[in-house]
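Order of listing sets the numbers, starting from 1, for every ligand and every atom in it.
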Amino acid sequence: MSNILEITALTKNFGGLTAVSSLDLHIAEGEIMALIGPNGAGKSTVFNLVAGVYAPTEGTIRFKGEAISGRKPWDLCKMGLARTFQIVKPFATKTVLYNVMVGAFLHSGTTHKAREKAEEVIATLGLGDLRDRLAGSLTIADRKRLEIGKALATGPELLLLDEVMAGLRPTEVDDMIAIIKGLRDRGVTVFVIEHIMRAVMALSDRVAVLQFGQKIAEGTPEEVTRDENVIKAYLGG
Ligand code: ADP
Ligand code: MG
């Protein structure tokens, strides 16, 4: 299986702070990979680097074999790399359908095509009953689903999900786990940042653990949760 994403010696400094330090990480096509670690470990910065929000200080990022370091989010999205944000910001005064169509326009030349794509995504995510509701009136769980829908409508091959389970009830977490597994079954490679360990264990093929910008462990969920360095990091030792 080939790697859809290859991160090599990636470093990001903010002034004197090294948020990400010499990170090596790869994701194989079709995998669900999780990035975990304490608050401030550098997880969102890794996503921002991969998604083109920040340019790396050093190192390279390859997507589908092509160096993408320094490319802009919009160009990456056209290449098939989409993300959700930790802070969810839909167009609150527009409908669910409208919000998803915004993403769908990327590959669909006409309103008709964009609408078709949006309807397909809405059905995939079980948002059908909410199609005509204003995004601002949705519950947190439905907003998170809409956020995934907006990203999914751009037709990604690699989807980055930043804490899409935060604030959800246990049954909503179960629904989200099923949704993400369903995306993978449809051929999307998924890279998640997630704090809810139950979800990490249920979802991930592999997990990488960051602490102070450095990768301290990598392996199956079972392997990393047994790892002494990981246990120490989470206990603050
Ligand atoms: P995580 O997502 O793991 O909680 P972040 O990647 O958000 O961690 O942050 C890693 C470190 O980088 C933190 O110390 C944070 O304060 C810092 N940081 C993140 N983004 C910026 C920025 N744009 N400017 C300055 N410092 C930043
Ligand atoms: Mg974060």
Side-chain angles (χ1 to χ4, degrees), residues 5-27 32-61 63 68-74 76 81-90 140-141 143-148 150-151 156 158-168 172-173 176-177 180 190-201 203-204 206-219 221 224-225 227 229-237:
L5 190 75
E6 283 176 337
I7 295 173
T8 312
L10 185 67
T11 293
K12 180 63 181 176
N13 297 332
F14 294 112
L17 176 92
T18 301
V20 177
S21 181
S22 299
L23 177 69
D24 292 320
L25 196 71
H26 70 272
I27 303 181
I32 299 180
M33 175 94 187
L35 187 60
I36 68 171
N39 267 328
K43 305 180 298 294
S44 291
T45 302
V46 170
F47 268 26
N48 283 325
L49 288 162
V50 171
V53 178
Y54 300 143
T57 304
E58 283 179 63
T60 56
I61 304 169
F63 175 56
I68 56 164
S69 323
R71 281 211 206 163
K72 296 292 170 233
W74 180 249
L76 294 173
L81 196 163
R83 70 166 300 179
T84 65
F85 287 88
Q86 194 170 350
I87 312 290
V88 177
K89 287 184 202 151
I140 291 177
R143 265 188 221 209
K144 298 274 185 181
R145 269 197 295 166
L146 173 57
E147 185 68 10
I148 294 176
K150 285 162 59 187
L158 175 64
L159 181 58
L160 311 185
L161 303 174
D162 195 348
E163 296 206 30
V164 288
M165 314 231 189
L168 301 192
E172 294 168 340
V173 168
M176 194 58 93
I177 290 170
I180 295 170
V190 185
F191 189 16
V192 300
I193 294 174
E194 192 46 68
H195 271 301
I196 299 174
M197 279 310 289
R198 176 169 76 84
V200 171
M201 300 298 286
L203 270 180
S204 322
R206 284 189 306 128
V207 181
V209 188
L210 278 192
Q211 185 186 28
F212 303 126
Q214 289 181 322
K215 187 174 73 181
I216 59 166
E218 184 177 1
V224 299
T225 47
D227 187 295
N229 289 329
V230 175
I231 294 165
K232 270 192 215 151
Y234 273 88
L235 295 176

Worksheet entry | Given L35, L161, I32, the one that forms side-chain contact (heavy atoms from CB on, under 4.5 Å) with F191 | L35
Item to complete: Could you check V173, I36, L203, I177 and say which one makes a side-chain contact (heavy atoms from CB on, under 4.5 Å) with I196?
Response: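 Single pass found, and it is V173.
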Ligand-residue contact atoms, ligand 1 with [X], heavy atoms, under 4.0 Å:
| X | answer |
| --- | --- |
| L17 | 11 (C), 12 (O), 14 (O), 17 (C) |
| N39 | 4 (O) |
| A41 | 1 (P), 3 (O), 8 (O) |

Worksheet item: For F14, which residues count as a side chain to side chain contact (heavy atoms under 4.5 Å, CB included) partner, sequence neighbours excluded?
Response: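 If we apply the side chain to side chain contact (heavy atoms under 4.5 Å, CB included) test to F14, skipping adjacent residues, the hits are K12, L17, A19, T45, Y54.
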Worksheet item: Taking only residues two or more places apart in sequence, or in another chain, which ones meet R206 in a side chain to side chain contact (heavy atoms under 4.5 Å, CB included)?
Response: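 Listed in chain order: H26, E31, M33, E218.
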Worksheet item: So, is G40 polar-close to ligand 1, with some N/O to N/O distance under 3.5 Å?
Response: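 It does: an N or O of G40 is found under 3.5 Å from an N or O of ligand 1.
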Worksheet item: Purely on distance, is any nitrogen or oxygen of A19 under 3.5 Å from one on ligand 1?
Response: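 In this structure, A19 places no N or O atom under 3.5 Å from an N or O of ligand 1.
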Worksheet item: Would you say Y54 contacts ligand 1, with heavy atoms under 4.0 Å as the rule?
Response: yes
Discussion item. So is G37 touching ligand 1 or not, going by heavy atoms under 4.0 Å?
Written reply: no
Discussion item. Looking at the Mg ion (ligand 2), is there an N, O or S atom belonging to S44 that lies under 2.8 Å away from it?
Written reply: yes
Discussion item. Strictly below 4.0 Å, N to O, side chains only: are E147 and K150 in salt-bridge contact?
Written reply: yes
Worksheet item: Which of these, V53, T18, T45, has its nearest heavy atom closest to atom 5 (P) of ligand 1?
Response: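 When every heavy atom of V53, T18, T45 is considered, T45 comes closest to atom 5 (P) of ligand 1.
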Worksheet item: Do T84 and D162 meet the criterion of a side-chain donor-acceptor pair at a distance under 3.5 Å?
Response: no
Worksheet item: Mind checking whether M201 and M197 have side chains closer than 4.5 Å, heavy atoms only?
Response: yes
